[in-house]
K.L.:
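Below you will find the structure I want to go over with you.
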Amino acid sequence: MTNISIDHNLKFKTATLGCFLRLPLDKKTLALANILACMQGNASKAFPGIKVQARTFSNLYNASLQVFPEVFGNQIIIFYTINFVEPREILDPDYNYQVVMDAFFKVVKEPLFDEQLLELAKRQLGQEEKQYYELPANYALNGFFNTWYRDTPNYQNSVFGDEKTLRNTSLEEVKSFFDTLKNTPAFCLGQAQDPDSLTDLVQEQLDWAGYFDDFVVPTLAIPTKEDPIEKKIQFRSEQAQLLIGYGYDQSLPVSFKQFGGLFLGEYLAGDESSKLFTEVRKKLGAAYAIDATNYVNNSLFLISTGIAKDKVAAATKAIKGGVAAVQNGKVDKDVFEKAKVALKRNYQISADRQDLILIQMLANALRGYDHFFAERIKEVERFKIDKLIEFSQKLYFNESYCLK
């Protein structure tokens, strides 16, 4: 069967379609994916110029085209997505699914391989990279992950990819990379008011071998090696960036990892009533911001904060103490219930966002099972304090990274 699934759009005035291509993660592949995506986002053989391509999709009632790669654990997913007004909403006999799909797949399947376009993409990515790392929080996060994956360098530089490839790749290398995409596992997902008609039109376009391959990945999670490290980097900035990472066993059940991490993150740093916000920002007066994020595909629970430089030691102690308190069974029931309410609300909001529904469909396709927002809300409702404690006890301190 062809890898295509388009659901019935019952609530939005726009339709959405995404073609997703899956490749194993390494930093050279990621750099090539960034370059190709930038080139395709700018122009294509059918629309040979930035203004020409932009005008084409603007004339389709401001259809939104996006092309970019994103890392999901041990995989790179190249996104080709389009969001466009449903034809039934427009009284225009010349505007229909066929017209939109023709334009979309010309971008996906027919890149313009041109030296000037390649050089433009390199300059654009170089500027994006510079702007991204000018933010101390981003610079620190990249440094944290590069330290976390110090023994597996292919997992480093997981935003832009290999710097040498970004600067020096040739047009022939980009062409060769594009040719490999025709055989890499791929899936088309979307929502439309007339899903059968759109499915038929998309089906005609899916002649790459990858759309008939197995798209499921047995596990997206990258294992974590228990090897604690503390690293301090001198950096010219007004405040320090402190990141403290805890690892856990990647073979734990996915649901347990996901919801345990979500609850612990919300409990520790979700809002002004959360435990670390109270301890680090209010009591110590140290933090400008504090976040706790569960990177389930990296087997990582990460706490990050921007703090006054003279409060690094005190903040480190408070953060580790906050995690240890939960591990020892000391959980504030009121804060836990607030975390539950917040997580339910987040999922309820997500169910009304078409972009997040598409991401949910992609996650289901990668994992090979259907798990929707309504079921996630039920998981949140069922989650108990003892599960939070159990998850926290699976964590082990593995890295402290401070940009000071």
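Each residue takes its place number in the sequence, starting with 1.
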K.L.:
Could you check whether any side-chain N or O of Thr224 sits under 3.5 Å from a backbone N or O of Asn298, counting only pairs where one atom can act as donor and the other as acceptor?
P.N.:
yes
K.L.:
Arg376 vs Glu379, test: salt bridge (Lys or Arg N to Asp or Glu O under 4.0 Å). Steps then yes/no.
P.N.:
CA-CA 5 Å; Arg376 295 175 194 273; Glu379 291 265 18; over 6 Å; no
K.L.:
Between the main-chain N or O of Asp194 and the side-chain N or O of Ser197, is there a donor-acceptor pair closer than 3.5 Å?
P.N.:
no
K.L.:
Does Ile82 offer a backbone N or O that forms a donor-acceptor pair with the side chain of Gln66 under 3.5 Å?
P.N.:
no
K.L.:
Excluding sequence neighbours, so at least two apart, what forms salt bridge (charged side-chain N to carboxylate O under 4.0 Å, His left out) with Lys387?
P.N.:
Glu390
K.L.:
Going by ring-ring contact (aromatic ring centres under 6.0 Å, His included), name the residues that satisfy it together with Phe212, two or more places apart in sequence or in a different chain.
P.N.:
none
K.L.:
With side chain to side chain donor-acceptor pair (under 3.5 Å) as the rule and sequence neighbours excluded, what pairs involving residues 153-163 come up?
P.N.:
Asp162-Thr165
K.L.:
Under a 3.5 Å distance rule, please check whether Asn9 uses its side chain to pair with a backbone N or O of Gln191 as donor and acceptor.
P.N.:
no
K.L.:
Just checking Glu134: does its CD atom have more than 12 heavy atoms from other residues, nucleotides or ligands closer to it than 6.0 angstrom?
P.N.:
yes
K.L.:
Could you tell me which non-hydrogen atom of Val216 sits nearest to which non-hydrogen atom of Ala365, and how far apart they are?
P.N.:
CG2-O, 3.5 Å
K.L.:
List for me each residue that meets salt bridge (charged side-chain N to carboxylate O under 4.0 Å, His left out) alongside Arg150, sequence neighbours excluded, and say none if there are none.
P.N.:
Asp227
K.L.:
Is the side chain of Asn83 donor-acceptor paired with the backbone N or O of Ala63 at a distance under 3.5 Å, no angle test?
P.N.:
no
K.L.:
Can you sort out the partners of Lys333 under salt bridge (charged side-chain N to carboxylate O under 4.0 Å, His left out), two or more places apart, ordered by chain and number?
P.N.:
none
K.L.:
Between Asn328 (side chain only) and Ala324 (backbone N and O only), is there a donor and an acceptor less than 3.5 Å apart?
P.N.:
yes
K.L.:
Does anything in residues 4-31 pair up under ring pair (Phe, Tyr, Trp, His ring centres under 6.0 Å), and if so which pairs, sequence neighbours excluded?
P.N.:
Phe20-Phe79
K.L.:
Compare every heavy atom of Leu23 with every heavy atom of Leu181, then report the nearest pair and how far apart it is.
P.N.:
CD2-CD2, 3.8 Å
K.L.:
So, Tyr95 side chain and Val85 main chain: donor-acceptor pair closer than 3.5 Å or not?
P.N.:
yes
K.L.:
Please name all residues satisfying side-chain contact (heavy atoms from CB on, under 4.5 Å) with Lys182, sequence neighbours left out, ordered by chain then number.
P.N.:
Phe178, Asp179, Trp208
K.L.:
Can you run down the ring pair (Phe, Tyr, Trp, His ring centres under 6.0 Å) pairs that involve residues 213-248, sequence neighbours left out, and say none if there aren't any?
P.N.:
Tyr139-Phe235, Phe187-Phe215, Tyr248-Phe391
K.L.:
Only counting residues at least two apart or in another chain, list the ones meeting side-chain contact (heavy atoms from CB on, under 4.5 Å) with Asn96.
P.N.:
Gln98, Val99
K.L.:
Closest heavy-atom contact between Glu86 and Ala15?
P.N.:
OE2-CB, 3.4 Å
K.L.:
Please find the pair of heavy atoms, one from Tyr97 and one from Ala192, that lie closest to each other, and give the distance.
P.N.:
OH-CB, 3.5 Å
K.L.:
Give the minimum heavy-atom separation between Leu166 and Gly161, together with the two atoms involved.
P.N.:
CD1-O, 4.1 Å
K.L.:
For atom NZ of Lys394, is the number of surrounding heavy atoms from other residues, nucleotides or ligands below 6.0 Å larger than 12?
P.N.:
no
K.L.:
Would you sort out whether Asp352 and Lys11 count as a salt bridge (Lys or Arg N to Asp or Glu O under 4.0 Å), showing the intermediate values?
P.N.:
CA-CA 8 Å; Asp352 287 323; Lys11 63 167 73 172; 3.1 Å; yes
K.L.:
Rounded to the nearest 0.5 Å, what's the gap from CG on Asn74 to CG on Leu25? Could you check?
P.N.:
7.5 Å
K.L.:
Does the Gln327 side chain pair with the main chain of Ser392, one donor and one acceptor, at a distance under 3.5 Å?
P.N.:
yes
K.L.:
Name all pairs fulfilling the ring pair (Phe, Tyr, Trp, His ring centres under 6.0 Å) condition that reach into residues 359-379, sequence neighbours left out, sorted by first residue then second.
P.N.:
none
K.L.:
Does Thr293 reach the side chain of Leu300, with side-chain heavy atoms less than 4.5 Å apart?
P.N.:
no
K.L.:
Quick check: does any side chain N or O of Glu266 sit under 3.5 Å from a backbone N or O of Lys340, one acting as donor and the other as acceptor?
P.N.:
no
K.L.:
With sequence neighbours left out, which residue pairs that include part of residues 316-361 fulfil the ring pair (Phe, Tyr, Trp, His ring centres under 6.0 Å) condition?
P.N.:
Phe263-Phe336
K.L.:
Can you tell me which residue pairs pass the side chain to side chain donor-acceptor pair (under 3.5 Å) test with a partner in residues 37-60, sequence neighbours excluded?
P.N.:
Gln40-Tyr80, Asn42-Gln124, Ser44-Gln53, Ser58-Asn62
K.L.:
Pair Lys378, Glu381 - check salt bridge (Lys or Arg N to Asp or Glu O under 4.0 Å), show working.
P.N.:
CA-CA 5 Å; Lys378 290 178 182 177; Glu381 291 171 340; over 6 Å; no
K.L.:
Please confirm whether the backbone N or O of Phe177 pairs with a side-chain atom of Thr180, one donor and one acceptor, at under 3.5 Å?
P.N.:
yes
